[in-house]
Amino acid sequence: MECFKFRFNLATESFSQTLAHPPDTYKKHKETYQFKRHGRMIEIGEVPVEKSDIFVQYLRDNIPVGVTVQLELKKWQDYVSPPDPRYLEEKRLQYERMKERKRKKQET
């Protein structure tokens with residue numbers, strides 16, 4: 001069974017930070033640095049249950065310096081929303097109509 005993965009680019013966050021020199025220097029001697037934080041989300045699916053723990057441990061051990069990783073293990077049930085109640089009611093009505101037709105057919 002092969003894994004599939006999807007990569008999504010998240011919003012880039014820009015921020016600046018001003019560093020002042022030691023207090024004995026002139027006040028105007030400040031340096032402002034511009035930083036950008038890039039976010040990525042990678043969704044990996046269909047990892048066999050036996051190998052998922054090993055896979056997560058491998059990712060945690062081999063991330064580069066300065067990179068923060070947040071890992072979540074989710075089950076497929078987390079992605080499935082419950083069916084619409086109107087749909088369930090329609091299915092129930094169809095089933096009842098079908099039973100009624102069969103009953104009428106047997107009576108004749």
Side-chain angles (χ1 to χ4, degrees):
M1 183 183 311
E2 291 188 26
C3 300
F4 67 86
K5 70 178 185 176
F6 298 104
R7 180 177 173 176
F8 304 98
N9 291 334
L10 302 175
T12 301
E13 179 186 345
S14 297
F15 59 96
S16 62
Q17 191 164 6
T18 303
L19 299 176
H21 289 287
D24 59 337
T25 60
Y26 188 62
K27 277 189 172 182
K28 289 187 179 179
H29 291 135
K30 295 180 182 179
E31 293 187 35
T32 303
Y33 295 95
Q34 298 290 327
F35 295 99
K36 287 188 177 182
R37 181 177 295 142
H38 300 276
R40 302 289 182 267
M41 181 175 71
I42 300 173
E43 181 181 337
I44 301 171
E46 295 184 17
V47 177
V49 176
E50 309 84 41
K51 297 180 182 180
S52 63
D53 294 335
I54 297 167
F55 185 67
V56 168
Q57 189 62 39
Y58 176 78
L59 288 175
R60 286 191 176 139
D61 291 345
N62 293 305
I63 59 172
V65 176
V67 175
T68 306
V69 175
Q70 297 174 352
L71 300 172
E72 294 181 22
L73 291 176
K74 293 189 176 184
K75 297 180 181 176
W76 66 270
Q77 290 93 346
D78 296 338
Y79 295 103
V80 178
S81 60
D84 188 7
R86 295 174 292 184
Y87 175 75
L88 293 175
E89 180 66 20
E90 183 64 31
K91 282 289 190 186
R92 187 184 65 78
L93 290 172
Q94 285 178 0
Y95 180 72
E96 287 178 2
R97 288 183 203 128
M98 183 185 68
K99 280 179 74 175
E100 185 67 28
R101 282 188 218 126
K102 283 184 179 181
R103 190 179 60 80
K104 284 183 179 178
K105 219 178 206 185
Q106 287 177 355
E107 288 176 357
T108 57

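A side-chain donor-acceptor contact under 3.5 Å links Thr18 and Thr32. Remark: the Gln57 side chain and the Asp53 side chain contain no N/O donor-acceptor pair separated by less than 3.5 Å.
A salt bridge links Arg103 with Glu107: at least one charged nitrogen is closer than 4.0 Å to a carboxylate oxygen.
Under a hydrophobic-cluster definition in which Ile, Leu, Val, Met, Phe, Trp and Tyr are linked whenever side-chain heavy atoms come within less than 4.5 Å, directly or via other members, Val69 and Tyr58 are assigned to different clusters. Under the 4.5 Å side-chain contact rule for hydrophobic residues, Ile63 and Ile54 do not share a cluster.
Atoms NZ and CE, on Lys102 and Met98 in that order, are 4.5 Å from each other to the nearest 0.5 Å.
Here Glu96 pairs with Arg92, Leu93 under the side chain to side chain contact (heavy atoms under 4.5 Å, CB included) rule; sequence neighbours left out. Under the side chain to side chain contact (heavy atoms under 4.5 Å, CB included) criterion, Ser14 pairs with Lys36, not counting sequence neighbours.
Hydrophobic cluster membership for Phe15: Leu19, Tyr33, Phe35 (Ile, Leu, Val, Met, Phe, Trp, Tyr linked by side-chain heavy atoms under 4.5 Å, directly or transitively).
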